[in-house]
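Values in this document were obtained by computation on a predicted structure and should not be read as measured data.
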Amino acid sequence: RVALRKRRLSQAAAASLARSVATLDGLRSLEADVGFCALGETGAQRLAEAIASLRCLARLELSLAGCGLGAGGARKVAKELAALCSVQALKLDLSFNEIGDAGLREVSQALGGLPGLVGLELDFNRNRIGDMGVGWLAQAVASLPGLLDLQVCLFDNRVGEAGVHELARSVRALRAPTRLVVGLNRNSVGEVGVQDLAHATGTHPGLRELELHLSISSVGWAGAHDLAQSLGFLEGLRSLTLDLNVNHVGAAGARLLAQSLGSARGLVGLRFLASGNRIREVGAKELAQAIGSMRCLASLDLDVSGNGIGDAGAWELAHAVGTLPSLSRLTADLRGNLVGELGARELARAVGAVPALERLELRLDGNGRGTGEVGPSHLELAHAVQRLQTGGCICECTW
């Protein structure tokens, strides 16, 4: 394992590192994190060339994030990666490198020539990538139908409807994936793109783990409707992340999603991130009903901040959480919701009623009280947290 993240390496040091890696003949697994090391095109190429010489390598995790590659550096790295014919699991992080569509084209063509891949995790965040680049990436993914584990993260790029459409087509082309992660936060994804992606996801009932990151997009009611429909087909799902922050889902969209979640009773882990969506009290009640039906849930991360759920919505959510017998980890963000005494009191009762809780993160600040102002319910909550801590639970709470 090579861990040199944020270490400023000279060209001589980078060359020495590459020579050392090249001597590891027979190595089957390698993790190399040289992110933000200012390697530049030449340093990255030397390291990639050394890695490509390891003919027995079956698993590779390589982070070249923030190394100043540009399109030229991406091309040089891609040329070396194309030789990794023995690799079955590849994790590649080229985020923050300004590789653009041209650089992604080169990398995609290299990836498409690795037919033995069953696991592929790609991070291309903040790279000025548009629809054309995603089209090339989609072609590469579609040429690897044997993938069981696929992660594609493209946060903070320029991906629009056309790019998402191509990405959805490539997801649909997979034979039998068990894990799928798609990260498109802060792009130009609209309702049509979300619908395409939802339909593609719903064609894989064997999925066990699904993450869809669509924050600050335009999901809306129509996108929420199609996402809800697709989730209904995924009967084998055990872990789900829906990242829908700031998407104008509304109470109606939240109701549809909640009803779909209510049928996923085999979920062990759920992350539902929906801040700033105006789900109101109605949406919170529907969501609470769904959560209360998930008797196998061990980990819950719930962000409904800035949704105007009020006291009644908070009470319903807290009551549902308090009925989960297997819950060991709870993260709940209820900031900016006008939660008063009733909601806070039920939260205190709920967290104290979960017998298996090992970690609690609770955020209740920004709910209308003045700085330092504490009501009776908040004292109850403080006592409940103290009891949990005495029992060994790790707690991080603000109110």
Counting only N and O atoms by type, is there a donor-acceptor contact under 3.5 Å from the side chain of [X] to the main-chain atoms of [Y]?
X      : Y      : answer
Asn97  : Gly70  : no
Asp93  : Ser95  : yes
Thr241 : Arg271 : no
Asp301 : Asp303 : no
Asp33  : Arg5   : no
Ser86  : Leu57  : yes
Asn307 : Arg280 : no

Considering all heavy atoms, the nearest [X]-[Y] contact:
X      : Y      : result
Val189 : Val194 : CG1-CG2, 3.8 Å
Val21  : Leu30  : CG1-CD2, 4.4 Å
Leu117 : Leu147 : O-CD2, 3.6 Å
Ala314 : Gly343 : CB-CA, 4.2 Å
Ser305 : Asn337 : CA-ND2, 3.6 Å
Gly190 : Glu161 : CA-OE2, 3.2 Å

Side chain to side chain donor-acceptor pair (under 3.5 Å) pairs, two or more places apart, involving residues 386-397: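 Output for this query lists Arg359-Glu396.
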Is there any side chain to side chain donor-acceptor pair (under 3.5 Å) pair reaching into residues 164-174, and which pairs are they, with sequence neighbours excluded?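 Non-adjacent pairs meeting side chain to side chain donor-acceptor pair (under 3.5 Å): His165-Asp196.
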State, with a plain yes or no, whether a side-chain heavy atom of [X] is found less than 4.5 Å away from one of [Y].
X      : Y      : result
His225 : Gln195 : no
Leu297 : Val268 : no
Leu54  : Leu60  : no
Leu94  : Leu69  : yes
Arg179 : Gln151 : yes
His319 : Arg349 : yes
Val107 : Leu122 : no
Thr201 : Val182 : no

Knowing that exactly one of Leu137, Val134, Asp123 qualifies, which makes a side chain to side chain contact (heavy atoms under 4.5 Å, CB included) with Val152?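 Single side chain to side chain contact (heavy atoms under 4.5 Å, CB included) partner of Val152 among Leu137, Val134, Asp123: Leu137.
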Any link between Trp315 and Leu287 through a network of hydrophobic side chains (Ile, Leu, Val, Met, Phe, Trp, Tyr) touching at under 4.5 Å?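 No: no chain of side-chain contacts under 4.5 Å links Trp315 to Leu287.
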Applying a strict under-4.5 Å side-chain criterion to I, L, V, M, F, W and Y, I'd like to know whether Trp136 and Leu111 cluster together.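 No; Leu111 is not reachable from Trp136 via cluster members.
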With a 3.5 Å cut-off and no angle check, do the side chains of Arg59 and Ser29 form a donor-acceptor pair?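 Their side chains do contain a donor-acceptor pair, which is all the 3.5 Å distance test asks for.
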Would you mind writing out the side-chain donor-acceptor pairs for residues 229-240 within the sub-3.5 Å range, not counting sequence neighbours?
from, atom 1, to, atom 2, distance (Å)
Ser230, OG, Ala198, O, 2.5
Ser230, OG, Asp226, O, 3.1
Arg238, NH1, Gly236, O, 3.3

Quick one: which residue pairs count as a ring pair (Phe, Tyr, Trp, His ring centres under 6.0 Å) with a foot in residues 251-287, not counting sequence neighbours?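 Every pair satisfying ring pair (Phe, Tyr, Trp, His ring centres under 6.0 Å) with a residue in residues 251-287: there are none.
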Expected list for residues 247-258: side-chain donor-acceptor pairs under 3.5 angstrom, two or more places apart:
from, atom 1, to, atom 2, distance (Å)
Asn247, OD1, Ser217, N, 3.1
Asn247, OD1, Ser218, N, 3.3
Asn247, OD1, Val219, N, 3.1
Asn247, ND2, Leu214, O, 2.9
Asn247, ND2, Leu244, O, 3.1
Asn247, ND2, Asn245, O, 3.2

Got more than 12 heavy atoms from elsewhere within 6.0 Å of CZ, Arg126?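 Incorrect, the count does not exceed 12.
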Over 12 foreign heavy atoms within 6.0 Å of CZ, Arg28: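 No, because the 6.0 Å sphere around CZ of Arg28 holds 12 heavy atoms or fewer from other groups.
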Parallel, tilted or perpendicular: which one describes the rings of His213 and Phe155, with boundaries at 30° and 60°?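 Ring orientation of His213 relative to Phe155: perpendicular.
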Distance-only criterion, 3.5 Å: show the donor-acceptor pairs between side-chain atoms of residues 39-53 and protein atoms not counting sequence neighbours.
from, atom 1, to, atom 2, distance (Å)
Glu41, OE1, Lys76, NZ, 2.9
Ser53, OG, Ala50, O, 2.5

Separation of Leu267 CG from Arg295 CZ (nearest 0.5 Å):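 Reported value, rounded in 0.5 Å steps: 14.0 Å.
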Supply the atom-to-atom distance Asn185 CG to Asn157 CG, rounded to the nearest 0.5 angstrom.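 Going from CG on Asn185 over to CG on Asn157, the span is 11.5 Å.
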